[in-house]
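Reckoned from all heavy atoms, side chains included, excluding hydrogens, waters and symmetry mates. In this chain, residues are counted from 1 in sequence order.
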Amino acid sequence: HPVQLGEIHARWEGLRPELTVGNLVIRDADNQEILRVKHAQVQLSLLLSLRERALRLRHMELSGVHMALEQTPAGRWHLAGFAPTSDRSAGLDPVDALLFSRNVDIDRVHAHFNFHGGSKQHIVFTQAQLTNQGQFHRLVADVDFPDQSGDVIKLVYEGEGHPRDEANFRSDGYIKL
């Protein structure tokens with residue numbers, strides 16, 4: 001997959017290494033753009049990563065993101081053009097990066113969802129904050145559906161448990177139209 005990267009900066013303060021990238025573009029084998037990131041900043045949680053033996057992020061900021069996601073027959077999501085991984089230990093899954101980062105701040109993320117059944121949906125997270133603390137997860141977002149009315153809705157979604165454990169994960173959502 002061809003990758004273009006406009007800029008990259010790294011710094012390390014205490015036990016919190018940080019990486020900032022700008023103007024990242026990933027294309028599929030047909031040279032179609034599947035991910036564009038104007039700005040991304042991640043801060044590694046070094047102690048948690050060592051304890052859990054997996055890459056864990058303390059903080060993530062995303063802005064100006066355009067991405068295409070595909071749904072598998074089992075209902076899982078992955079970045080279009082990349083084969084879904086069944087081995088969760090194979091590396092940092094982009095969805096896991098969101099689910100297990102302590103704080104995620106999002107500004108202008110355009111997500112194009114391609115459902116397994118063939119339908120498509122374009123959603124813009126104009127602004128969102130995702131907080132994960134232990135087994136508690138909260139998403140507060142302003143969401144736009146530009147292919148429909150174009151009206152922004154307010155969304156609050158909270159969950160308790162491990163998000164990948166569907167049988168034991170409990171959640172509630174609230175929408176303000």
Measure the spacing between [atom1] of [X] and [atom2] of [Y] and express it to the nearest 0.5 Å.
| X | Y | atom1 | atom2 | result |
| --- | --- | --- | --- | --- |
| Asn103 | Arg58 | CG | CZ | 7.5 Å |
| Glu33 | Met67 | CD | CE | 13.0 Å |
| Gln133 | Arg102 | CD | CZ | 5.5 Å |
| Asn132 | Leu57 | CG | CG | 10.5 Å |
| Ser63 | Gln41 | OG | CD | 10.0 Å |
| Gln121 | Asn114 | CD | CG | 11.0 Å |

Verdict with reasoning, Gln4 to Asn23, per side chain to side chain contact (heavy atoms under 4.5 Å, CB included): CA-CA 8 Å; Gln4 292 175 282; Asn23 301 315; over 6 Å; no

Where is the tightest heavy-atom contact between [X] and [Y], given as atom of each residue plus distance?
| X | Y | answer |
| --- | --- | --- |
| Gly22 | Leu5 | O-CD1, 3.8 Å |
| Ser171 | Tyr157 | OG-OH, 2.7 Å |
| Ala80 | Ile34 | O-CD1, 2.9 Å |

Can you find a heavy atom in the side chain of [X] that is under 4.5 Å from one in the side chain of [Y]?
| X | Y | result |
| --- | --- | --- |
| Ile175 | Lys154 | no |
| Ser49 | Arg56 | yes |
| Val65 | Leu35 | yes |

Salt bridge Glu18-Arg11, side-chain N to carboxylate O under 4.0 Å: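 Yes.
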
Heavy-atom donor-acceptor pair, [X] side chain to [Y] backbone, under 3.5 Å:
| X | Y | result |
| --- | --- | --- |
| Asp28 | Asp30 | yes |
| Trp77 | Leu79 | no |
| Gln135 | His162 | yes |

Are [Y] and [X] linked, directly or through intermediate hydrophobic residues, by side-chain heavy-atom contacts shorter than 4.5 Å (ILVMFWY only)?
| X | Y | result |
| --- | --- | --- |
| Leu177 | Tyr174 | no |
| Val124 | Val37 | no |
| Leu62 | Phe113 | yes |
| Leu130 | Val156 | no |
| Leu19 | Val104 | yes |

Aromatic plane relationship, Phe169 with His137 - under 30° parallel, 30 to 60° tilted, over 60° perpendicular: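 Taking Phe169 first and then His137, their aromatic rings sit tilted (interplane angle of 30° to 60°).
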
Plane angle bin for His66 and His110 - parallel if under 30°, tilted between 30 and 60°, otherwise perpendicular: parallel

Qualifying residue for side chain to side chain contact (heavy atoms under 4.5 Å, CB included) with Val143, from Leu155, Val152, Thr126: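 Testing each of Leu155, Val152, Thr126 against Val143, the sole residue satisfying side chain to side chain contact (heavy atoms under 4.5 Å, CB included) is Leu155.
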
Residue pair Asp172, Glu158: steps toward the side chain to side chain contact (heavy atoms under 4.5 Å, CB included) verdict: CA-CA 5 Å; Asp172 288 306; Glu158 296 180 341; 5.5 Å; no

Within 6.0 Å of CD in Gln71, more than 12 heavy atoms from elsewhere: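 Check passes, neighbour count above 12.
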
Step-by-step side chain to side chain contact (heavy atoms under 4.5 Å, CB included) determination, His39 to Thr20: CA-CA 7 Å; His39 172 84; Thr20 303; 3.6 Å; yes

Working for side chain to side chain contact (heavy atoms under 4.5 Å, CB included), residues Asp142 and Phe125: CA-CA 6 Å; Asp142 294 340; Phe125 293 89; over 6 Å; no

Gln129 and Asp105 side chains, donor-acceptor separation under 3.5 Å: yes

